[in-house]
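These notes concern the structure reproduced below.
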Amino acid sequence: MNEQLSNHTLEANKLQAEARSISQEQLQHEVDYLRAQHILQSLFHKGLLSANEFSKITAVNRKTFSPVLAAILPSIP
């Protein structure tokens, strides 16, 4: 448990350092990722996507938009 807490602390420190130097382009990637995920969740909740499709597209979105927060986002099953 202490090791997990330590890992989360290290990740948080890393994100703080990156947040101080985030570029306008990276900020746009973050916004684009959030928009894409919002649309994806809407499609999933309407039953237009399966859980497997949702997971696959989420993985593609993380690679495409490279959000800084991906380091702390839940893993994709």
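For the atom pair Ile57 CD1 and Leu40 CG, the distance stands at 5.0 Å (nearest 0.5 Å). Atom CG of Leu43 sits about 11.5 Å away from atom OG of Ser50, to the nearest 0.5 Å. Distance check: Thr58 OG1 to Arg62 CZ gives 6.5 Å after rounding to the nearest 0.5 Å.
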Using the rule given for side chain to side chain donor-acceptor pair (under 3.5 Å), can you reason through Glu30 versus Gln26, listing the C-alpha separation, both sets of side-chain angles and the distance that settles it, and then say yes or no? CA-CA 6 Å; Glu30 297 290 328; Gln26 185 61 44; 3.3 Å; yes
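The shortest side-chain heavy-atom distance between Asp32 and Arg35 falls under the 4.5 Å cut-off.
Checked by atom type, the side-chain pair Gln37/Gln41 shows no donor-acceptor distance below 3.5 Å.
Phe44 and Phe54 have tilted rings, their planes meeting at an angle from 30° to 60° on a 0 to 90° scale.
Using a 4.5 Å cut-off between side-chain heavy atoms of Ile, Leu, Val, Met, Phe, Trp and Tyr, with links allowed through other members, Leu34 and Ile39 fall into different hydrophobic clusters.
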